[in-house]
Amino acid sequence: MAHETGARRPRRALLLAALAAVVLIAGGALVVNRLVSDDGPQRGPGPVATTATGTPGTAPEPSPTAPPGAGITGPLNLLLVGVDTRVSVPGWEPHSDAVLVLHVPAGLDRAYLFSLPRDLLVDIPAFPKAGYRGAKTKLTHAMSYGSRVPGKPKEPSAAQGYELLRSTVSGYTGLRFDAGAVITFNGFDKLVDALGGVDIYVDERVVSLHRRPDGKHRDPAPSGGGYVGPQMVYEKGQRHLNGWQALDYARQRYITGGDYARQRHQQQLLRALTAKILDENLARQPDRVQQVLDALGDTLIYAGGPRIVDLAYALGGLSIDRFTPVALPGSGVGKGRAYRGEELKPVGRQFLTALKAGDAEKFLAAHPELRVKN
């Protein structure tokens, strides 16, 4: 195709940004619900909400004669948040079940993806906008505490919760974030199915807590606290998963390795999705992009304006063999049987220091056990 219209080009880039950079598992699903731009003093204007189909309210689209992203050299940090939201429960506050960071060094030729435990003990700063005074507690609570809107107890704001979570993660890691995504339960199955499924190596036998072999949800236990009935089982080996299977596989944490194994599976799935998009050259097929967008509908919502397009184009040349998932080991914190949360082991904290200094590749060469096997 010799050229593209100005309307199709931004949509293609936005989809690439959403799928190749920020498609993440959210405690039970992954679909981009809101892409939130960091509006700090060095980051430009505040966010402007847009839908996947480009509804009014977006900033002016870049000219097709002036390629976006030409001035972006990195390093870039994206904060990817999987949120447990229950839309059927009025006033349910979102909890961050998955917190991942995508770091792209200067040169934009590599990317590192790592997770932070949902129960990581961190200092959550005061957040007057939500009436929160600050405390040392589990990372997952930053989203819920920050989402509280004074005077609107049944109308929590995930975008506002992201602000407090972003500040918390930035304080813990020492990284400053250029953009991020909040990902909710609804729509991931549509996304994967629109892409034709995903190929992934299941690295351990996983028995589903939530789904039957036919994909239907298991029945709640009559006594409460669990489910009953047949269970879907993902046997070890190379598998082709459809939407509900990919969603279900990556949300399981009552398995060998617990939440750390779930983090590993999230990273593996993200890399598999990215590989599919790049291998099939999806970003250069406007009709396929539109097909995916139509499948997602209003579940794909952005904020941030044209700068996100710049990021997408800047990341468009990333090779999948330079996309490195990283596992940061941790352990429980507490006295006796009193569990307080999780903490990263020294090697995990040392990786964060190396990453910030631009020495991630050197550090991983010395600690190859941190690389997640694909």
Side-chain angles (χ1 to χ4, degrees), residues 24-25 27 74-82 95-106 110-125 134-143 164-178 180 203-204 250 253-268 270-271 322-374:
L24 244 286
I25 306 295
L76 301 173
N77 297 301
L78 305 180
L79 177 61
L80 316 173
V81 186
H95 293 69
S96 53
D97 266 10
V99 178
L100 296 96
V101 175
L102 183 71
H103 174 79
V104 184
R110 289 185 178 274
Y112 302 95
L113 178 73
F114 64 90
S115 303
L116 295 176
R118 67 186 300 278
D119 289 345
L120 184 68
L121 282 178
V122 293
D123 291 312
I124 302 179
K136 187 177 185 68
T137 185
K138 296 177 182 178
L139 179 62
T140 186
H141 296 317
M143 171 67 76
L164 179 56
L165 182 65
R166 181 189 63 204
S167 297
T168 303
V169 175
S170 182
Y172 182 83
T173 63
L175 300 174
R176 182 158 176 160
F177 293 99
D178 299 273
D203 60 8
E204 64 176 283
R253 66 190 178 109
Y254 294 104
I255 55 178
T256 303
D259 191 52
Y260 291 96
R262 181 173 70 165
Q263 292 175 35
R264 183 177 71 251
H265 295 162
Q266 293 167 3
Q267 295 168 338
Q268 290 170 335
L270 175 57
R271 190 181 189 278
R322 288 174 173 258
F323 186 101
T324 304
V326 178
L328 303 183
S331 58
V333 178
K335 293 182 178 180
R337 295 183 178 180
Y339 174 76
R340 295 182 56 211
E342 298 289 317
E343 65 178 1
L344 292 186
K345 293 184 178 180
V347 68
R349 295 301 302 268
Q350 291 164 9
F351 170 78
L352 296 178
T353 301
L355 187 76
K356 185 178 179 182
D359 294 328
E361 196 62 25
K362 180 180 178 181
F363 188 86
L364 290 175
H367 300 277
E369 72 278 6
L370 297 186
R371 294 180 184 268
V372 175
K373 296 181 180 179
N374 299 299

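Taking every heavy atom of both residues into account, A327 and V372 meet most closely at N-CG2, 3.7 Å. Closest approach of A365 to P368, counting heavy atoms only: O-CD, 3.7 Å. V104 and R110 make their closest contact through CG1-O, 3.2 Å (heavy atoms, listed as atom of the first residue, atom of the second, distance). Nearest heavy-atom pair, K138 versus V122, reported as atom, atom and distance to 0.1 Å: C-CG2, 4.4 Å. Closest approach of K345 and S331 over heavy atoms only: CE-CB, 4.1 Å. When all heavy atoms are compared, the tightest approach of P117 to L139 is O-CD2, 3.8 Å.
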**Asked** What do the steps show when you test F114 against L352 for side chain to side chain contact (heavy atoms under 4.5 Å, CB included), and what is the final call?
**Response** CA-CA 10 Å; F114 64 90; L352 296 178; 3.6 Å; yes

**Message:** Between V101 and L79, does the side chain to side chain contact (heavy atoms under 4.5 Å, CB included) criterion hold? Intermediate values first, please.
**Reply:** CA-CA 5 Å; V101 175; L79 177 61; 4.2 Å; yes

**Request:** May I have the step-by-step check of side chain to side chain contact (heavy atoms under 4.5 Å, CB included) for L165 and I124, ending in yes or no?
**Result:** CA-CA 8 Å; L165 182 65; I124 302 179; over 6 Å; no

**Request:** Under the side chain to side chain contact (heavy atoms under 4.5 Å, CB included) rule, what do E342 and L116 come out as? Steps first, then yes or no, please.
**Result:** CA-CA 10 Å; E342 298 289 317; L116 295 176; over 6 Å; no

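Side chains of L121 and E343 form no contact here, defined as non-hydrogen atoms less than 4.5 Å apart. Residues D119 and V333 have side chains not in contact (no heavy-atom distance under 4.5 Å, counting atoms from C-beta outward). Within the 4.5 Å cutoff, side-chain heavy atoms of L164 are placed close to those of P125. Residues S115 and L328 are not in side-chain contact: their nearest non-hydrogen atoms beyond the backbone lie 4.5 Å or more apart. At least one side-chain heavy atom of V347 sits less than 4.5 Å from a side-chain heavy atom of F363. A 4.5 Å side-chain heavy-atom check between P75 and H103 finds at least one atom pair inside the cut-off. Side-chain contact between L355 and T173 is absent, with no heavy-atom pair separated by less than 4.5 Å. Two residues are said to be in side-chain contact when any heavy atoms from C-beta on lie closer than 4.5 Å; F177 and V169 meet this criterion.
A distance of 11.5 Å separates OG1 in T324 from CG in L370, rounded to the nearest 0.5 Å. With rounding to the nearest 0.5 Å, the separation of NE2 in H265 from CD in E204 is 4.5 Å. In this structure, NE2 on H141 lies 8.0 Å from CZ on R118, to the nearest 0.5 angstrom.
For E361 and R371, the salt-bridge test passes: some basic side-chain N is under 4.0 Å from an acidic carboxylate O.
Within 6.0 Å of the NZ atom in K356, the count of heavy atoms belonging to other residues, nucleotides or ligands does not exceed 12. Residue Y339 qualifies as enclosed at atom OH: its count of foreign heavy atoms under 6.0 Å is above 12.
A donor-acceptor pair is defined here as one N or O able to donate and one able to accept, closer than 3.5 Å; no such pair exists between the side chain of S170 and the backbone of R166.
Relative to the ring axis of Y172, R349 places its NZ or CZ within 45° and under 6.0 Å from the centre.
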